[in-house]
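Structure record follows, encoded as structure tokens.
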Amino acid sequence: MRKCIIVINKFRETAFKIADDIASFLEKNEVAVSRTVFGSQQENCDFSSFDFAITLGGDGTVLYAARKCAPLGIPVFPVNLGEFGFIAGINPSDWETPMSDFLAGKLRLDSRMMLVTDVVRNGKTVYTSSSLNDAVMKIAGSAKLAELDVICNGYSLGRFRSDGIITATPTGSTAYSAAAGGPIADPLLDVIVFSPICPFSLSNRPLVLSGDSILEVTVKDSRGADILLTCDGQESFMLKTEDVVVVRRNSKEVQLAGCGKNEFYDALRSKLNWSGGPHA
């Protein structure tokens with residue numbers, strides 16, 4: 001671990017000060033440090049020359065770094081400066097001890113499943129993106145219903161008339177999918193969560209699918225409504241009628257420091273007020 005990139009969320013005022021402190025600590029430990037700012041035009045920097053990344057922000061900053069780091073096998077050390085911090089589990093007031101453990105190879109790294117999404121138009125792939133949380137197909141800016149035909153592993157799940165659909169990883173099951181009524185999955189499970197958004201039929205329920213499932217979603221005529229694909233809520237692509245959106249497990253996973261099961265369930269209790277019931 002000799003070269004690090006710090007990803008600083010430009011909307012978090014404390015991030016720049018903490019970046020200075022972390023950079024000083026790393027340089028004393030003979031680690032070269034570079035910086036990039038998430039939320040600015042610097043986002044397109046090349047991560048390939050670094051050994052690891054540190055994120056200073058909320059979960060959105062981690063999502064951005066994950067898409068950059070997973071293909072390169074670069075671990076992410078996420079310091080939480082956001083409101084929820086389901087993914088970013090390291091406390092900004094106590095980062096030094098886990099950082100020392102990380103540099104010494106003593107801090108556990110957890111691999112998290114990611115998705116890859118392709119848009120096929122007239123037989124050609126016209127768009128590809130990866131995501132740690134989810135891939136979402138939904139109505140853009142109108143009150144009309146999306147018409148989406150869904151096939152899973154060659155089997156038709158039917159046509160969904162709804163505001164859209166969410167395909168989420170276990171990590172993303174606590175995000176938009178949960179808000180749409182989907183189940184929360186343990187982050188280390190190998191599953192894909194499929195959640196309709198405000199479906200017109202009461203029989204359309206969320207599904208938990210095997211992690212090796214391949215979903216093919218065909219955009220049907222939605223009475224002129226625009227259908228937008230978003231990946232992790234950060235990358236977007238406007239869809240056309242008869243486009244086929246293919247969602248499957250990404251062959252690359254992201255390695256996250258300080259984001260194990262204990263941190264996940266602690267976040268459920270402390271940030272979503274989740275509880276099994278009253279204490280006796």
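We use all heavy atoms of the structure for the numbers below, so side chains are in, but hydrogens, waters and symmetry mates are not.
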Excluding sequence neighbours, so at least two apart, what forms side chain to side chain donor-acceptor pair (under 3.5 Å) with Ser93?
Asn91
Using a 4.5 Å cut-off between side-chain heavy atoms of Ile, Leu, Val, Met, Phe, Trp and Tyr, which other residues end up in the same hydrophobic cluster as Val208?
Leu189, Val191
Ring centroids only, cut at 6.0 angstrom: are Trp95 and Phe77 within range, meaning strictly under it?
no
Restricting to pairs with a member in residues 210-221, which pass salt bridge (charged side-chain N to carboxylate O under 4.0 Å, His left out), not counting sequence neighbours?
Lys220-Glu242
So salt bridge (charged side-chain N to carboxylate O under 4.0 Å, His left out) across residues 189-200, not counting sequence neighbours, yields Asp190-Arg249
Members sharing Ile214's hydrophobic cluster, built from side-chain contacts under 4.5 Å between Ile, Leu, Val, Met, Phe, Trp and Tyr, are Val120, Val244, Val246
Those residues that, when tested against Asp134, pass salt bridge (charged side-chain N to carboxylate O under 4.0 Å, His left out) (two or more places apart):
none
Residue set satisfying side chain to side chain donor-acceptor pair (under 3.5 Å) with Asp243, at least two apart, ordered chain then number -> Arg121
With the threshold set at 4.0 Å, does a side-chain nitrogen-carboxylate oxygen contact exist between Glu253 and Arg112?
no
Asp101: salt bridge (charged side-chain N to carboxylate O under 4.0 Å, His left out) partners, not counting sequence neighbours
none
List the residues meeting salt bridge (charged side-chain N to carboxylate O under 4.0 Å, His left out) with Lys17, not counting sequence neighbours, and say none if there are none.
Asp21
Hits for side chain to side chain donor-acceptor pair (under 3.5 Å) against Asp149, two or more places apart or cross-chain, chain-then-number order -> Arg159
Determine, using the 4.5 Å side-chain heavy-atom cutoff (strictly less than), whether Phe160 and Ile151 are members of one ILVMFWY cluster.
no
Side chain to side chain donor-acceptor pair (under 3.5 Å) against Gln255, all qualifying residues, sequence neighbours excluded:
none
Residue pairs passing the salt bridge (charged side-chain N to carboxylate O under 4.0 Å, His left out) test where at least one lies in residues 45-58, sequence neighbours excluded
none
